[in-house]
Number of protein chains: 4
Amino acid sequence: MCPKTKDQFEQIREESREKILNAALKLFGTKGYEHSTIADVMKLAGVSKGLLYHYFANKEDLVKQLVFDLINKTDALLFDHAIIDPNQLLKNIFTQFFQELRNNFEQWTLLANLGMQLGKFDWIRQLANDQMQQALAYIEEILIKIDWPDPCAEAKILVALFDGISFQYLWFKKDYHLDELENILINKYCKQ
Amino acid sequence: MCPKTKDQFEQIREESREKILNAALKLFGTKGYEHSTIADVMKLAGVSKGLLYHYFANKEDLVKQLVFDLINKTDALLFDHAIIDPNQLLKNIFTQFFQELRNNFEQWTLLANLGMQLGKFDWIRQLANDQMQQALAYIEEILIKIDWPDPCAEAKILVALFDGISFQYLWFKKDYHLDELENILINKYCKQ
Amino acid sequence: MCPKTKDQFEQIREESREKILNAALKLFGTKGYEHSTIADVMKLAGVSKGLLYHYFANKEDLVKQLVFDLINKTDALLFDHAIIDPNQLLKNIFTQFFQELRNNFEQWTLLANLGMQLGKFDWIRQLANDQMQQALAYIEEILIKIDWPDPCAEAKILVALFDGISFQYLWFKKDYHLDELENILINKYCKQ
Amino acid sequence: MCPKTKDQFEQIREESREKILNAALKLFGTKGYEHSTIADVMKLAGVSKGLLYHYFANKEDLVKQLVFDLINKTDALLFDHAIIDPNQLLKNIFTQFFQELRNNFEQWTLLANLGMQLGKFDWIRQLANDQMQQALAYIEEILIKIDWPDPCAEAKILVALFDGISFQYLWFKKDYHLDELENILINKYCKQ
DNA sequence: CATGAATGAGCTTTCATTCAT
DNA sequence: AATGAATGAAAGCTCATTCAT
């Protein structure tokens with residue numbers, strides 16, 4: 001009836017998709033995947049059930065797309081290749097890590113929540129494993145550069161530590177000494 | 001007057017209860033709480049639906065009793081008050097921790113699974129927090145005794161590290177370098 | 001082991017039966033038949049499930065025996081054949097009716113509750129019908145004796161009125177003008 | 001923009017809702033509320049379980065909406081404000097009452113059935129009480145106009161009588177002398 | 001692109017009843 | 001006479017998903 005250009009359609013598509021994904025993140029990251037219903041998402045997004053299923057094949061597809069979107073956004077973030085000084089780089093990693101945790105609480109909660117759904121979502125654990133391996137290699141490389149003793153072992157410790165802190169922060173949130181830990185780590189691992 | 005003595009009844013009760021709890025642990029710790037149905041539990045336990053509800057008010061009560069039983073069993077385990085030498089004590093903690101993780105994989109998976117069910121099971125996070133605080137104090141005390149530098153900070157790191165290792169082991173299991181980490185930690189923290 | 005006479009057994013039987021029936025009346029007459037469970041009855045009576053089923057074949061049999069016991073107790077009550085004066089007799093009927101309603105609230109509630117369970121308990125409506133026919137004949141007879149105009153019609157009205165008052169009292173209880181109605185009826189129908 | 005107009009949806013909604021409510025009335029008013037299952041209703045209505053719960057939050061909500069719909073329909077019916085002559089008005093009330101009872105047997109059975117479910121559905125007794133008070137005032141007013149002796153008392157009698165007749169008709173139905181009572185009442189209370 | 005009516009498999013839970021002792 | 005463990009059919013309800021328009 002009313003002619004619309006391809007771009008307009010594209011924009012509308014993207015807006016609706018965005019609305020749905022935002023709502024899904026909010027809900028899945030707050031109440032958890034299993035305790036959030038498609039009806040919840042659709043209501044919060046302000047779209048109809050039909051439209052939701054127009055964009056996403058099913059609930060699992062929705063969460064899959066959501067996770068991949070999130071990962072694409074934050075992937076490059078942790079490792080800033082512009083920095084050359086390894087000490088600076090390590091400090092940057094710590095800072096980025098803590099900031100990321102604070103800023104995107106819902107997102108990390110969601111990921112942990114999904115990964116802990118046993119049986120379902122094995123792909124998420126695979127993804128996490130890949131990322132861990134990357135981080136491991138990257139951090140070991142830095143530790144070598146700054147002559148840290150036993151860099152291979154220390155890298156393993158650090159990566160486990162990152163997950164431990166994330167996990168504890170997600171569980172205990174306000175009761176958790178996150179800021180303190182940030183200082184502790186920087187003091188311990190980064191020369192001033 | 002009574003054709004079955006109270007003791008007999010008590011024994012029967014305990015046996016049935018045990019069968020159900022074992023089945024529940026197996027399932028909840030493998031497929032997760034939400035993905036296991038009461039029908040699954042009852043079939044695996046080899047009892048009827050009615051009997052299950054005779055002993056447990058509902059699904060949540062079942063998991064609650066299960067968790068409390070588990071915690072009571074493993075509570076005293078981590079900290080052996082018989083050991084006096086702090087170095088020995090620390091080494092013992094590491095060894096116990098890794099052994100516990102390996103031996104009771106299902107149990108720890110269940111606890112992590114429950115704690116990650118947002119909204120529901122907040123009491124489990126509370127329980128975990130309490131245990132973390134205890135561990136924190138206990139480990140700091142040991143670190144002081146062995147003159148480890150900045151023991152307060154290091155205790156926080158260690159406790160987070162424990163959770164990180166648990167978490168990663170639960171997620172990556174066979175792909176995970178658990179044995180390696182055990183050696184690394186003992187080498188790093190315990191004088192021979 | 002300990003020899004008991006037949007009488008002793010009989011007494012024990014009767015006591016247990018009585019306990020159960022009392023509990024059943026209390027519950028069925030308060031929460032209704034469908035909303036009371038056998039477990040409720042057994043707990044309130046302080047006996048075991050097995051014993052209950054030893055005395056009563058099933059839930060419906062329990063309520064049947066209960067109702068027949070009640071009816072046997074109150075049947076002869078309404079019509080006092082000792083009184084000869086018809087005016088006195090009519091007054092007595094009114095008085096007895098209101099007193100009965102006040103004293104055995106639970107019992108009448110139970111009967112109304114059962115009769116209103118459609119499909120089930122048709123025998124109770126049959127019983128009620130028989131009683132109504134009896135009352136009709138009896139009251140018409142009295143009205144004839146006191147020369148009340150159109151006694152056949154008036155008897156029908158009175159019998160319906162009795163049920164109407166019972167019904168309204170059962171539903172509205174404390175809000176209901178029962179005492180007032182007693183006076184009204186006596187004033188209207190009985191010469192002083 | 002929208003392939004089905006709001007009116008179309010509204011019509012579909014209303015039709016389905018009506019189908020369900022009709023089925024519910026039929027069943028609840030025949031077998032009683034407790035003895036009718038949601039599956040029964042859904043089958044008789046020819047809709048799916050899901051749709052039923054799409055329109056009604058739960059079984060109690062279904063019966064609530066049903067009752068309120070019924071009451072809204074029949075509320076104004078009893079009292080015809082167009083009639084001025086009090087004798088005519090009284091006669092009209094009797095006629096309407098008996099007609100209503102005959103025509104909407106199921107509805108009145110349902111109301112009585114619900115009101116007799118002790119504990120649950122207290123709101124229905126409240127509703128009934130309100131209606132009784134209204135009827136009381138209205139009938140007294142008429143009795144005053146036609147100079148009936150002691151109109152206040154007689155109104156109370158009449159209102160109880162109405163309930164008594166309803167109740168007996170619901171219980172004894174075919175065995176009950178309903179037509180006879182209609183004539184009796186009109187003859188007794190209405191001047192020709 | 002967008003709507004919401006419609007479906008039904010599958011879940012938790014209840015409760016009358018049986019039975020070995 | 002008396003116990004309470006054990007059963008399972010059947011109930012109410014949820015929710016991902018489909019589909020006609």
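Everything numeric in this text was worked out from a predicted model, so none of it was measured. To find a chain, count down the sequence lines: A is the first, B the second, and so on, and within it residues start at 1.
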Specify the separation, in whole Å, of atom [atom1] of [X] and atom [atom2] of [N].
X: A:E14; N: E:dC1; atom1: CD; atom2: P; result: 12 Å
X: D:K43; N: E:dT7; atom1: NZ; atom2: P; result: 15 Å
X: D:M42; N: F:dT14; atom1: CE; atom2: C1'; result: 15 Å
X: D:E10; N: E:dA5; atom1: CD; atom2: P; result: 9 Å
X: A:D40; N: F:dT14; atom1: CG; atom2: P; result: 12 Å
X: B:I20; N: F:dA6; atom1: CD1; atom2: C1'; result: 10 Å
X: D:Q11; N: F:dT21; atom1: CD; atom2: C1'; result: 14 Å
X: B:D7; N: E:dT21; atom1: CG; atom2: P; result: 18 Å

Using every non-hydrogen atom in the two residues, find where [X] and [Y] come nearest and quote the distance to one decimal.
X: D:F56; Y: D:R17; result: CZ-CG, 3.7 Å
X: D:K59; Y: D:I38; result: CG-CD1, 3.8 Å
X: D:S36; Y: D:L27; result: OG-O, 3.3 Å

Those residues at least two apart in sequence (or on a different chain) that pass side chain to side chain contact (heavy atoms under 4.5 Å, CB included) with A:R125 are A:L118, A:D122, B:W171
From CA spacing to verdict: side chain to side chain donor-acceptor pair (under 3.5 Å), B:N22, B:E18
CA-CA 6 Å; B:N22 286 338; B:E18 214 62 27; 5.1 Å; no
Taking only side-chain N and O atoms of [X], does any of them lie within less than 4.0 angstrom of OP1 or OP2 on [N]?
X: C:S16; N: F:dA2; value: yes
X: D:H54; N: E:dA5; value: yes
X: A:R13; N: E:dC1; value: yes

Can you tell me which stems involve DNA chain F, if a stem is defined as three or more consecutive Watson-Crick or G-U wobble pairs, both distances under 3.5 Å?
E:2-21 with F:2-21
Contacts under 3.5 angstrom, residues 45-54 of chain D side chains, donor-acceptor by atom type, not counting sequence neighbours:
residue: D:S48; atom: OG; partner: D:L51; partner atom: N; Å: 3.2

Base, sugar-phosphate, or nothing for D:F56, non-hydrogen atoms under 4.0 angstrom?
nothing
Protein within reach of the bases, or only the backbone? For nucleotides 8-15 of chain E, mark each nucleotide 5' to 3' as B, S or -, using heavy atoms under 4.0 Å.
B-BSBBBB
For B:K26, does the NZ atom have more than 12 heavy-atom neighbours from other residues, nucleotides or ligands under 6.0 Å away?
no
Taking the minimum atom-to-atom distance to the side chain of A:I12, which one of F:dA1, E:dC1, E:dT7 wins?
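Within the option list, the nearest is E:dC1.
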Would you mind listing every ring-ring contact (aromatic ring centres under 6.0 Å, His included) that reaches into residues 19-38 of chain C, with sequence neighbours excluded?
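Of all non-adjacent pairs touching residues 19-38 of chain C, those that pass ring-ring contact (aromatic ring centres under 6.0 Å, His included) are C:F28-C:Y33, C:Y33-C:F121.
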For A:F105, check ring pair (Phe, Tyr, Trp, His ring centres under 6.0 Å) against everything at least two apart and list the hits.
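A:F105: ring pair (Phe, Tyr, Trp, His ring centres under 6.0 Å) contacts with A:Y169.
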